[in-house]
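Chain naming here is simple, since letters A, B, ... match the order of the sequence lines and numbering starts at 1 in each.
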Amino acid sequence: MIAGLAAGLRLAVRGLWFRRSTATIVLVLAVVASAASVIAPLYTHSAEESILRDTVRAANPFSLSVQVVVPNVGGSAAVGPARNPAFTLRKVEQELREPAFERPQQSYSSRGTYHPTAGPNANGQVTGPVVERADGLCAHLPAVQGRCPRAQGEAMLSRRSMRMLGLHVGDTAPIVLPDAADIDIQGGQPPELRMKVVGAYDPIPVDDAYWVGRPYFDGFAHSIQVGPTTVPPVADPAFLGAGTAVATHITSYLIDVPVDPDRVSLADTGPMRAQIRRLGDKLSGYELDTSSQLPAALAKAHKGRDLIRVAAPLAVTQLVLLAWWTLFLVVGTATEERSPEIGLAKLRGLGSAQTGRFGLAEIVLLLVIAGPLGTVLGWLALRAAAPRVFARGTPVVLTGSVLLTVTGALAGGLVTALLAARGVLRRPVTDLLRRVPPRRRGRKAGLVEGVVLALSLAGIAQLLNDRGGKPSPVALLAPGMVAVAGGLVAGRLLVRVARRRSEQALERGRPASVVGWSGVARRPGTARIASVLAVATCLLLVGVEAWAVAERNRHERAGAETGAAVVLDVNATDVRALERVVDQADPSGGYAMTTAYVQSADERPPVLAVQAERADRVMTWGRPGIRPHGGVRRILRPPLPPPLPLAPGQVSAQVDTARLRSPSPVHLLALAASPDGRQHQVSLGPLRTGLHSYTGTVTASCAPGCRLAGFAIRHAGTDLRDATMRFTLRRISAGPPGQLREIPGGFTDGRNWRPSAPFLGGPTISLQPGLFLHVRIQTAGGINVEVDHADAPEPLPALGGAHANVPPHEVGAPPIAEAVGVSGTPGRYLVDRRVRYLPRVGDGSVMVDLDLALMLSPDAPAGNRQVWLSRDDHAAEVALVQRLKAKGIAVTGRHTEAALERDYAGDGAVLALRLLLVCGGAAVVVSVGALLVAAYVGRRQRAYEVAALRAVGVRRSTVARFLVRENLGTVLVALLSGAVAALVATWAVLPALPQFDTPSEMVLARFTPETGTGALTVASLGAVLTAVAVVVAVLQLRAGRPERLREGVR
Amino acid sequence: MSGIPVACHGLVHIYRVEGNDVVALSGVDLDVAPGEVVGLLGPSGAGKSTLLNLFAGLLRPSAGRLTVGDHDIARMDERGLARMRAVDVGVVLQGAMRNLLPYATPIDNVRFAQRGAQRVGGQDLPRAEEVLGLIGLDEEATTSLSALSPGQRQRLAVGVGLAAQPGLLLLDEPTSQLDHEGRDEVIDSVLAANRDLGTTVVAVTHDPDVADRLPRTVTIRDGRVGSEGRRGEDFAVVARDGSLTLPPDILENVPPGSLLRVTVDDDGAVRLRRTGAAGEIHLEEGR
């Protein structure tokens, strides 16, 4: 038995060596199949791990940590042994055993009240926490004055708190601790701690692991007025020397258990959640609160993991199926090649089992070698790719389930091989020994094609249903099924084309073509290879398209959500100052732009104010076609009259008053506006009938850049009777006293002026433009009337998002939106243009020009200030940041389009798409391998045919031409069929493929195929296959020497 | 194993090609005695190879009876036929390499050919080395096939056919594409096997020199036994149904439809006289 096995093995090894080229390619295919089958579970596991790590790392350390707290309100305390923190610490250490939980850090903490006797809050109250850290304070919070507190009763305060409290190092600071738990010990009186201030610190970032992200220094606040209530100031924590808390009977404490995000792994998540829950349950009995955001963070990662868990195996399943199918075809072809040997076995009377073993021994041997080899290769390949694909430190682990999958794939390969060889093994001996293959019977093939087609249609139908939802497994398998359908069509098509060409060649008397094309039609291997190539083309194209479309969607979304290549958050209080710095840093206006984003507490739409002059060059809109036609500047900065400049001195207006009826005196005022938005009223005196010049003094507060904003009529009368007046503004002059000069463009064009914004019950103002400005006014008493220069338009022209709240307006009336103004007060905007969304702020906002908004807003602007940059240029950014810093403006945050795109690239959906692309690439490798196998295996048959043609006198060049045509015809049919199948699959599949873990509400994903990329892919693949086809033809020609016809040449 | 007989009575075989029936053999009567060496001659397409395939159980008779030893070929299933080929019948196909595993050594080829017999319990199989010795290749037991001469390869093919020591050895054109020397070596090997082992041998050949060395030849013509040759002399054969196939040269004088008068002379000679013609065919009974 063993000797028989050994002999069989030896024969198989010799057979493999004899067919080493075929064997190598079959081995490669089997290795790729095994590698693919191992990559699926490996990739899925690692991708899940990666998503988890990304999520956990992105989370705030404080939110990840586990906090055990004695509720620090109303003098509550832990009960029983938990009054002693050491007991709780032990419990925490006992329960939280996972390695990601780090050493717990305990500190006493209580809220206190100061009653300062000096400083800005003398005789008032200042609240603030007192904290006693168990250890390590001095190493982590450097004293900038004095020293770190070491002894009982010592304390260290922040310098700003000390300024707030009027304290100095060396002072004693009494603080009352109303929430100290052992208040009863003091006879009902809250304990008072007299701290000796031995040092001062400055708040530091709490990103050091020691602080566990606890926001110790965020509570500092000066006194603020909330309605009628004054909220007392809040000081930074006073850090106490060791033993102070106990001595002061403070028993409220907290324990923070940091979590090391780098040590949180998938396997730990379940135990970690369970341990936190158990700890909470146990400590609740001691009146201790246990909280952690870790379970929520883990749940957040769950969605992405869900996608990868469904999508990754299915993507790879397609490749494994393709590999199996290719294996089926290759084994079929290889077994076909061995049919004379199998015939020989039958001729020598070997039984069917013996013949089967003999026929399959070689392939089984290859598969057995390929299994472990592919497993290791897949593992190594993924390990090599992991740093570029997954989050830092993500392991690629060979687990039991992975090995089980490989075993399954191997078993599948064996079954595939058996099925492929079955046809040959069952053939009668005489058929096996024939040199010309028998004609194929097509009934079974037709049945298979029907089933595949039906499944493809079912998949597509399911996909169309799934659009917008979570794709079902059937839908995700659809690309593979469509690819296989395309492959089957390619096989059929090739046979039909070959038959047709053969008939034509017969009619035209071309023996080479007749032999060749009829061979193509008869040889099952050629049709098989066409189908494999078509499947690979389809899978590759779908993978490439899916990736290209997803990449485009990521890019567009990141662009739209960031708003510019780089966005800097700045803490500028004066937006005008910020604008000046930005303008100086980038005088050309193509790099940087100042923005302010103001949100309203009510339902009014938020406002994004941008520098319209720069917006078109700096902003990124994401999706094409969103940016308004003609650009932002044209909408936000329509042509406006130039400002009328004013300077300290005098201003004079010549007014011809035709009618003036008022129960009380009416005063004429000139309105001057400083560049900082403040308005100055210049009294020109009471209005009189007839032509008069009215002159007033412009004070020095009208700094350079000051302009004439308009005129006002102050009418102090009663609202019971209207005042009416009609006058003509003829000219306006300004200048130093005695040197007044007419301001050009004053009233010569009436269109440059506008009445102030109308409101219910307000004045009726009618302007009649002409050579001069004719004004009619009717107004109730007590209401000032303004005629404004139109260099500051009101309402501001604005660009609205699709869902910006613009109330319905009458037909013909301008669409006016009531939104928040840049100063936070209500503003009015003329929103007659809308876009689907506004970059960074979405579809519910309006966008206005910052400069125009500031002209209308004398109040201090509110909202978030940012500087948007058109490109990620390190040197330019550093220069800008230095300029900002020089003006006291700090950059508090930085957002980039590229970083956001990278974030999205870590989504589970993207990891799954990446796998689809890899599968497409691997499919091509497999198919080219199959092509080589088919060419190599069929070479003898072809060589005999070529030799026979040469022997009967057909010229070498004719044979060569035909061989090239035959091979190229196969490739062309395959490429076309694959491309058509890919078009169908892309159309059906792409909209159902998840692009992000969380879809954007702002930027809808686009699924238009990237035709350029697709065409390039087909062209590249076509070039490779053409080269292979030509090389194969050359080899076939060389092998087809007439001498081959002699016996013995193999 | 000693030689086994072959007997066919009225053997008919019809191929079906592209929907048409083609009669390959149309009533062959032939008996081959155990240990006999028979050469099958005849023009291409006469049905020699078909007859050989029928003897090997690779084809089934369409009609008539064919027994190989104790095996009634028409009634056997595939398993039985495989068993018969494993033990009783050795087949050597036309073209030496078609009989050999190209990647295996001569000794492995012989062992491979013995597997079928081993499966069905063939206990007395000769050692592979002995088989190689029989055909004079014992020194080339582990030589690569590509290093063997065409004659050696053909001898090895014969050896493979003899590997299980069958009672019947069937050879299809065993000497085609060989030079004289190679041809003689092969025929010597076959005759030696017949002599030493008693194996019945049926060989298809086109080569008159080969035929001359075989004690009995049967010429198949138009799917029937046309004539037989014994020791260089040709005879017409009377079939079981009494029909007689005349040699082609005589048929030229006796066109189809001719009426022949058959008479037996006193000395036992059978005379065929065409009525209305001068031609006369003379047969001698018992020769």
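Interface check for chain B: of the options A:P428, A:G15, A:P340, the most heavy-atom pairs under 4.5 Å are formed by A:G15. Between chain B and the residues A:T355, A:L347, A:T430, the most heavy-atom pairs under 4.5 angstrom are made by A:L347. Ranked by heavy-atom pairs under 4.5 Å with chain A, the first of B:L145, B:N99, B:L81, B:L59 is B:N99.
Cation-pi geometry between A:R14 and A:W17 is not satisfied (NZ or CZ under 6.0 Å from the ring centre, within 45° of the ring normal).
Side-chain atoms of B:K48 come within 3.5 Å of backbone N or O of B:G42 as a donor-acceptor pair. Between the side chain of B:H13 and the main chain of B:R60, a donor-acceptor pair closer than 3.5 Å is present. Proximity of a side-chain donor or acceptor of B:Q154 to a complementary backbone N or O of B:T175 within less than 3.5 Å is not detected.
Neither the backbone nor the side chain of B:S176 comes within less than 4.5 Å of any heavy atom in chain A. Interface remark: B:R79 contributes no atoms to any contact with chain A (heavy atom separation under 4.5 Å).
Scanning all heavy atoms of the two residues, the minimum distance from B:A56 to B:V89 falls at CA-CG1, 4.2 Å.
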